[in-house]
Structures are given as C-alpha cells and as structure tokens.
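As the structure is a computational prediction, the values presented were derived from the model and not from experiment. Hydrogens, waters and symmetry mates are skipped; everything else that's a heavy atom, side chains included, is used. Protein chains get the first letters and strands the later ones, always in sequence-line order, with residue 1 at the start of each.
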Amino acid sequence: MSKLTLIQAVNQALHHEMEKDANVVLLGEDIGRDGGVFRATDGLVERFGPSRVVDTPLSESAIVGTAIGMAAYGLRPVAEIQFMGFLYGAMEQLISHAARLRTRSRGRYTCPLVVRTPYGGGIHAPELHSESTEAFFIHTPGIKVVAPSTPAEAKGLLLSAIRDPDPVLFLEPSRIYRAIKEEVPEDEVLIPLGEARLVAEGEDVTLIAWGAMLHPTLEAAARMLEKGVHTDVIDLRTLSPLDSATILRSVEKTGRAVIVHEAARSCGLGAEIAAEICEKALLSLKAPVLRVTGYDTSVPLPKSENDYFPDCDQIVEAIEQVVQF
Amino acid sequence: MPRRVLEEFKIEWFQLLDEAGKLDAALLPSPDLISEKTVKAFYESMVLIRAFDEKALNLQRSGRLGTYASIQGQEAIQVACAAALQQSDWLFPSFRESGLSILRGNPMKALYLYWAGDERGNLVPEGVNDFPVAIPVGTHIPHAVGAAWAAQHKKDPIAVLTTFGDGATSKGDFHEGLNFAGVFKLPIVFLCQNNQWAISVPLSRQTAAKTLAQKAIAYGFKGIQVDGNDVFGVHVAVKDALDAARRGEGPTFIECLTYRLSDHTTADDASRYRSEEEVSLWRKKDPLLRLRTYMEAEWAWSEFQESALQQAVSERISASVEDFESTNPIDPLGMFDTLFASLSPDLLAQREAFEQRLAKRKKP
Ligand SMILES: Cc1ncc(C[n+]2csc(CCOP(=O)(O)OP(=O)(O)O)c2C)c(N)n1
Ligand SMILES: [Mg+2]
C-alpha cells in the first residue's frame, strides 16, 4: 500500500493491466513522451514502448473509431480523450458503433474498449475543459459509464473497466486529480462495475453523488451531523448501469433524498434517479426529492465557474429543506 | 493503354525574405510592398504583438491570467494576414492568433480579459468580422466555409480567411470543410500555421505526406507552402489567394511553415518532448530578427529607432494592462443573459435562484 493521488492511481492501474495483458494498448493525444497532459500515462511509453502507448494524430473520432476495430479484433484498447469537451467529435463512433456493435452483430463482435477522459470543472481551465455531460452517454444504451471519487476507487474501477467485455466510458474528475491522497492497494483489488458504495450511514436523509461532487456532499453531511441530522451518503461509482437497488434501499429507510451533480439540471442523471425513486419508493417519501446541480447554461469561463458549480452551502440548504418539509 | 497517369501534382515553396534577411526582389509582385512605410508598419506590428505576448506570459506567471497560448515565432504570419485582409473580410481563427486578432481591431484589453477567464473578452467589436477563439481544434473550419458560402450566395465581394494549426489537419472537420469549399468553389482561404508541433506530437505524427499543402489537391484546388517566418512571402501568398477568392476563383490552401518558440500553453512544459537544440535553431529564424536585419541593411534602422519603438509599444501595452486590471469584476448572471434571445419561464426562475444565491454569498 502506498499513498497515491487519483492521477497516480490511474497510472498504476494502467501499468498493472499492461503488465498483465499484452493485448492492452493505449492510444490518445500526447500520451507518449509527454505522459498525457495530466500525466496519467507518465512512464508508460518508456516501459511498454511506442507500439503499445501510441501518440495518435489529432482526431478524437479516429481514436475512438479505431479503438472499436481494435477491440473487435481482439485487443483491449484504452483510449484517452484529453478533455470531455473534446469527446463530442467521437460521438458518432461511440453512440452509433461502440454501443451497438454487440447488438448489431448478434453477439458475434464485441467492443471491450475503455475511453478515459478527465471531466468536470474547478481547475480554472479554458472553455470546454470543464464539461460534465455524462448524461449524453448514460442515455445511450450499450455503454457503461463510470466516475470514481477517490484514488483507491479510481484504481479498482479502472481495472474492472479494462477487463469488462463491453465499452466503458471512464470519467476522471480532474478537480480532484491531485487534491486527495489515500492508501491504494498495490495489487489487484477490483471494484465491480454497477455497484454503488455507501460512504456514510444515517437514518434521516439519503445523499447521492459521484465523482468530485462526493466531497462537498460529504462536507455537507458532516455539517448536518453537528446539527443532529444523520445521512446515508451514496457514492454511485457506476452511473450506467445504475445501482438503483442501493438507492431504493436507502430511501426506503430515510424517506428523503438529495441528489448532487455538477452537470446541468435538465435531464441530468439526477432526474433519472428522482424518477426511479418516485416510481418505486413513493410511499416511503416524507419530502420531495431535491436536486443540487449546475444551471441550465453553458459552463462559464473560469472567472464565474465557482458561481456555477454546486457548493457545500447549497447542499446543506437542500438537506435542511427536506428535513423541515 | 491499360495504365496511364491521370493526375500529377506539384507543390510550390515560396519565400521572399530569406533567413539572412535578404530579399529576392525578382519575385516581388509590386514595389509598394517594400516601401519604407509598409515595411516599418509590418515591423511595428510584429513588435507590438510580441510585446503583448510577453506581457501575457508575465501576467500568467503572476496569476493574473489563466492558461495562455503564446504566439511567439508565428508573428510574421499574423501580421501578413492582417495586412492582406480587408475590413469587410471575415476571419475564423483558432486559439493561437492573439496577434492577428489585435491587428484586426480587437482591443488588447479584451484579449487579456479572455485569457483571464472572463467571458467579456470574447466580445468582438462591431465592424470587426471575426469569430471568437475556437477551442476545439479545427471545428471552426466548416463555419468559415459556411460564411464564405453565404457571401457567395449574397454576391458580397468579400473573402473569408480561416487559420488553424498543423494538428487541425488531422481532424475530419478540416477535410470536410475543404471538400465543401472545393465542390462549391467558395471564396475562402485556408491558412495552416504549421508550427510543427501539436502540443507534444510532432508533424510526422499528423501526416505521412511530404507537405500539408498537397492536401488541397485532393479537394480540387491549389495548395502552396510558404516560409511562415517571412512576412513578405506570407503577405503575397495570402493577398493573392484572397484576391482570387474575391474574383470568384475559389479556395486556396496556404501552409505556412513556422515554429512555436514557446511551450504549447502556460500549462505545458515543452522540454519534456523536444530538444533545446531544435528550439535554438528556430530562435535564429525568429521572424522579428529577420525583418530587423533587413531594415538595418536597407535603411540603416538604428538602435535608437529600435528603442524608441520598443518604448512606444511598451507604453501601449501598459495602458491596456491598466485597462484590463481596472475592469469591474464580471457579473456571473451574464451566463444566463446571452444563452438565448429570450429566457423561458423555467430559466428565468433558475436565474432568480442564482441571483439570490449570489446575494447571500455577498453577505458576510
Ligand atoms: C478537438 C480537440 N482535441 C484536443 C484538444 C486539446 N488541444 C489543444 S491544442 C492541441 C494541439 C493543437 O495543435 P495544432 O493544431 O498544431 O495547433 P498549435 O497548438 O500548434 O497552434 C490539442 C491537442 C482540443 N483543444 N480540441
Ligand atoms: Mg501546431
């Protein structure tokens, strides 16, 4: 065990899988000599060579498109897209092909690829470097979407994502790439996809978050604890497929739910979770399900970004609202 | 004959002012281009945009700007393009054209604001037909093609210029845009600032072709490679191409071979992937040095004139930095106000909630 940041944990997971499986290849922009713009692939080209850690021409569509062909042929490609805002050029490949290959070939071809990309704001980066548009992909049947919230989580989930037989979009919260250090097991500790994690337990309110937003949510939970309000805090980990069983079990206990995400409000994952709760646990509810989210605007440039993203105060307010309802 | 050649092509390389500052006068289309007045204006512009850039790097280091993409080494292209464009022409830049933007009439204060992460810096003044900075590489190229198409449709006697890097030539948007322009014979000039790097990825990883210019051939129009550190050569090439576009002769692709002297942006460390020898080789080809050498030989441009120019430029830069730094903080509500022509009731409610949140935050 050693203390790692999230980015180091990602690096270690890639290292581990490449060591273990010669079919794992990495492709992306600046992932070789430069080690990736966030250094996720630092040292990998030196260790595994330029035919397994490939700096590609600048084309997101071809990175994902060729990864599909590689995956179908028998490799395990892990593509890096520099920022989530640059993934849009590869939408057609992801939505029309990666997500459908198994179905449209009646299972003859599969698409075991991973697309890793930093997502979310809070790093004072230029336009389109703060995107949190996971809902586009959650809305796409056939792709799994994963968003880790801590270093150890990142490692365990990435190992599983690379071994998964289907396409996985792996969203790395850039805001906390280096903000947290924690003990990360040196060897394989796989975290299964599709299972949420109960981070804190309490009987009054269910808080649901993922990625970087887990941290202000935990802070809000701690503040509420001082006021005698006990919360279940669920870290979703896998956004698609959704672990609705864990959510429903908790809400049936607490009767109150607050969902936190930095993505825009309308049709964000929060809306799906709220609908799921209303359909399956309506009679347990003691208050309306509330969402704390980004606004339905474009993410502003850095000078205003802290005003845009949800913060601890807003989460506390929402918790107070459902408790006092 | 079962086999015959259907097409052969040649790509020209063009340069007027060589690395040693010597001009090939035989290739000059008009002597006006090298009148003392014109040349000095070119040089002054180059010095201005270099000084703007140096100041931006300084401001970034002291935390007053966010991530900034330096233009150093690429000034000749930007000065030449600005001089070749007419006011009524349209420009679709990427993100490494601060110099060109300034010379087109965007205030330096606005550029500093933009790179400081302030949306107001993206406001292009009325009368300047420039699109804002395009962050996703190459995605603005089809927009430029569309504007050229609209101008053709409306029979406006204008041309469109779009600029981008070597990395952008790997994007589908580049190829699709050029193809449309060729098919519809549009009044547009595609200009690639080939600085030989896309962050850490060298040109050899963007193409297996000998030149980027030859990509135009496949789309049915002319491509040319120009020495991008030669302000005269670029100027002649761009002006010819814009004139041809205005005459209805269709598009041109100009590859300007140059070099990025700085890191990719202030968030990058180029020493991780390229050698100091390579950089210093290109420092010797600095477009400012080249033009200065020419002026020294031609008109005995003196140390005194140089320092007077530097002084004047630095006063201009200081004034715009002062302007920039004394700008009131941005009102974050602006993110709602320019989203649509008018807001739906639900969005208005969000805006109101946002306003209340901001007011609450202001209270201690
Ligand atoms: C679609 C897209 N992918 C990736 C990036 C990240 N990125 C910013 S600039 C750049 C390299 C661009 O190289 P080039 O086109 O040669 O322009 P230069 O930076 O050299 O001026 C990359 C990969 C981006 N902005 N947009
Ligand atoms: Mg380049």
Using a cut-off of under 4.5 Å on heavy-atom pairs, state which of A/Val299, A/Thr56, A/Thr297 scores highest against chain B.
-> A/Thr297
What option among B/Arg272, B/His264, B/Lys171 has the most heavy-atom pairs under 4.5 Å with chain A?
-> B/Arg272
Largest heavy-atom contact set with chain A, pairs under 4.5 Å, which of B/Ala270, B/Gly172, B/Gly167 | B/Gly167
A/Val54 versus B/Arg205: any side-chain heavy-atom pair under 4.5 Å?
-> yes
Any side-chain donor paired with an acceptor under 3.5 Å for B/Gln350 and A/Arg265?
-> no
Does atom CZ of B/Arg64 have more than 12 heavy-atom neighbours, drawn from other residues, nucleotides or ligands, at distances under 6.0 Å?
-> yes
Has B/Phe336 got more than 12 heavy atoms of other residues, nucleotides or ligands less than 6.0 Å from its CZ?
-> yes
Given a strict heavy-atom distance threshold of 4.5 Å, which part of A/Tyr308 is in contact with chain B: side chain, backbone, both, or neither?
-> both
Looking only at non-hydrogen atoms, find the nearest pair between A/Leu58 and B/Gln206 and report the distance.
-> N-OE1, 3.0 Å
Side chain from CB out, backbone as N, CA, C, O: work out which of these in A/Asp311 comes under 4.5 Å of a heavy atom of chain B, or both, or neither.
-> both
Contact origin within B/Ile199 toward chain A - heavy atom pairs under 4.5 Å | both
What distance separates A/Ser304 OG from B/Leu358 CG, expressed to the nearest 0.5 Å?
-> 9.5 Å
B/Asp331, B/Thr139, B/Val137, B/Asp269: which one forms the most heavy-atom pairs within less than 4.5 Å of chain A?
-> B/Val137
Interface moiety of B/Val201 toward chain A, non-hydrogen atoms closer than 4.5 Å | both
Residue of the set A/Asn306, A/Asp313, A/Asp307 for which side-chain hydrogen bond (donor to acceptor under 3.5 Å, both in side chains) holds with B/Arg361 = A/Asp307
Crowded around B/Glu325 CD? As in, over 12 foreign heavy atoms under 6.0 Å?
-> yes
What is the ring orientation for A/Tyr295 with B/Phe354, classed by angle as parallel under 30°, tilted 30 to 60°, or perpendicular over 60°?
-> tilted
Smallest separation among heavy atoms of B/Arg357 and A/Phe309, with atom names = NH2-O, 2.8 Å
Considering all heavy atoms of both residues, which atom of A/His124 and which atom of B/Thr67 are nearest to each other, and what is their separation?
-> O-OG1, 4.5 Å
B/Ala116 versus chain A, the contacting section by heavy-atom distance below 4.5 Å = both
Interface moiety of A/Pro126 toward chain B, non-hydrogen atoms closer than 4.5 Å | side chain
So which heavy atom on A/Ser59 is nearest to which on B/Ser170, and how close?
-> CB-O, 3.5 Å
When the 4.5 angstrom heavy-atom criterion is applied to A/Glu317 and chain B, the contacting part is side chain
Residue A/Glu46 excluded, over 12 heavy atoms near CD under 6.0 Å = yes
NZ of A/Lys303 to CD1 of B/Ile330, rounded to nearest 0.5 Å, is 9.5 Å
Sort by residue number and list every member of residues 29-44 of chain A having a non-hydrogen atom under 4.5 Å from chain B.
-> A/Asp30, A/Arg33, A/Asp34, A/Gly35, A/Val37, A/Arg39, A/Asp42
